[in-house]
Amino acid sequence: MPELPEVETIRLGLQKYIVGKTIEDVEVRLRRIFSGDEKNIIGAKITSIDRFGKGLVINLDNNYSIAAHIKLTGQFVYRDDSTLKLKLSAKVGSQIPNKFTHVTFKLDKGAYLHYNDIRQFGWIKILKTEDLKTIPFFKDLGPEPFGGLTFEIFKNIISKNNTAIKPLIMDQKKIGGIGNIYANDALFDSQIDPRKKAKSLKEKEIKSLYNSILKVLKNGLENGGASELNYVNALGQEGKYQHHFLAYARDGEKCLRCGTIMKKITLGGRGTYFCPNCQK
DNA sequence: GACAATGTTACAGT
DNA sequence: CACTGTAACATTGT
């Protein structure tokens, strides 16, 4: 899923469906991805849902929280009597729970929250709310595009780093929430070569990239996220941003701006897509 | 069989 | 110590 727009879409869904509900039981089928003691959350009521970068936090009324990161293939799927008739995406499967459902939270009024994860890279941690910042991922997370990341801070990050611009904006310690899809699309939108050294960007390019990042993330959010891989929302349904990709996965196709054939290279270990003609 | 997949982190090297 | 690049995590699909 899982970049800022996808995780935010899940957060909005969870906020709508599970806030106010009580956790009656927890079934952990794959212990390796789970830490903390589930006994500490049984009987507690869900009060709010937070998102920090690509991480999710479910807060409870007993000073405990459930922190989670779904990495590449995690899914949180909510089910109750009224959502049961909704058809699940094929990305979830026709049945839930299934062999990829590693954790199930049983809520009151016959509702369930299932955690699925094919590759098992994701994690769920039970801990005191005050201890959330002891999780390294949260502690080291940089400012967010729709949070503390002002243009001045962004400019400062870009101009003092000597790495290629694309891996830099995907570095969660520098900026929270941007992943491979939106990094590719933002660089395409601002016509910047992803290999270009961050330090070498002119003020005008930095400004343009800042605006493009906000623009593509907002577009992703308005389309309910990108279900290119395994991502689904909290009801097990797909997003639509995969139909609006500007550069991601468009290698071999014509550039939307100039018609040149789009190229794919590997940069920082990740697939990188760009127009060799109009991204300078 | 080889390779790549929306992410993060441990580790080796400079 | 700081920075950078690569491998690894586990599984599926092409």
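Chain letters run A, B, ... following the sequence lines, proteins first, then strands; residues in each count from 1. When reading the values below, keep in mind they use all heavy atoms of this one structure, side chains included, and skip hydrogens, waters and symmetry mates.
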Just how far, in rounded Å, is [atom2] of [N] from [atom1] of [X]?
X       : N       : atom1 : atom2 : answer
N230(A) : dA10(C) : CG    : P     : 17 Å
R51(A)  : dG7(B)  : CZ    : P     : 14 Å
K173(A) : dT9(B)  : NZ    : P     : 5 Å
L141(A) : dG7(B)  : CG    : P     : 13 Å
K174(A) : dT9(B)  : NZ    : P     : 13 Å
F100(A) : dT11(C) : CZ    : C1'   : 7 Å
D171(A) : dG5(C)  : CG    : C1'   : 13 Å
K160(A) : dT4(C)  : NZ    : C1'   : 17 Å

Considering only the [atom1] atoms, how many Å lie between [N] and [M], rounded to the nearest integer?
N       : M       : atom1 : value
dT4(C)  : dA5(B)  : P     : 23 Å
dC11(B) : dA10(C) : P     : 15 Å
dT8(B)  : dC1(C)  : C1'   : 22 Å
dT6(C)  : dC3(B)  : P     : 16 Å

Please name the pair of heavy atoms, one in [X] and one in [Y], separated by the smallest distance, quoted to 0.1 Å.
X       : Y       : result
Y78(A)  : D80(A)  : OH-OD2, 2.6 Å
L168(A) : T163(A) : CB-OG1, 3.8 Å
K91(A)  : E228(A) : NZ-O, 4.0 Å

* Distance check: side-chain N/O of H69(A) vs OP1/OP2 of dG7(B), anything under 4.0 Å? -> no

* For K71(A) and dT9(B), is the shortest distance between a side-chain N/O and OP1 or OP2 below 4.0 Å? -> no

* Asked: In a check of side-chain hydrogen bond (donor to acceptor under 3.5 Å, both in side chains) between Q75(A) and each of D117(A), N233(A), N116(A), which one passes?
  -> N116(A)

* Asked: Any sub-3.5 Å donor-acceptor pair from Q279(A)'s side-chain atoms to C275(A)'s backbone N or O?
  -> yes

* Under 3.5 Å donor-acceptor, R51(A) side chain and G53(A) backbone -> yes

* Structure fact -> Against the side chain of R32(A), the closest entry in dT4(C), dA10(C), dG7(B) is dA10(C)

* Asked: With respect to the side chain of E3(A), which nucleotide from dG7(B), dT8(B), dT11(C) is positioned closest?
  -> dG7(B)

Have a look at [X] and say if it touches a base, only the backbone sugar-phosphate, or nothing, with a 4.0 Å heavy-atom cut-off.
X       : result
F137(A) : sugar-phosphate
G271(A) : sugar-phosphate
Y273(A) : sugar-phosphate
K99(A)  : sugar-phosphate
G179(A) : sugar-phosphate

* Structure fact -> What residues 189-197 of chain A contributes to the DNA chain B interface at heavy-atom separation below 4.0 Å is none

* Please list, by residue number, the residues of residues 115-132 of chain A whose heavy atoms come closer than 4.0 Å to an atom of DNA chain B; answer none if no residue qualifies. => R119(A), F121(A)

Are any of the side-chain nitrogens in [X] or [Y] under 4.0 Å away from the carboxylate oxygens of its partner?
X       : Y       : result
K87(A)  : E238(A) : no
E253(A) : R250(A) : yes
E203(A) : K207(A) : no

* For dA10(C), give its Watson-Crick or G-U wobble partner with both distances under 3.5 Å, or none. => none

* Shared hydrophobic cluster for F151(A) and L201(A) (ILVMFWY, side-chain gaps under 4.5 Å) -> yes

* Using only heavy-atom distances, determine whether the side chains of N223(A) and H244(A) contain a donor-acceptor pair under 3.5 Å. => yes

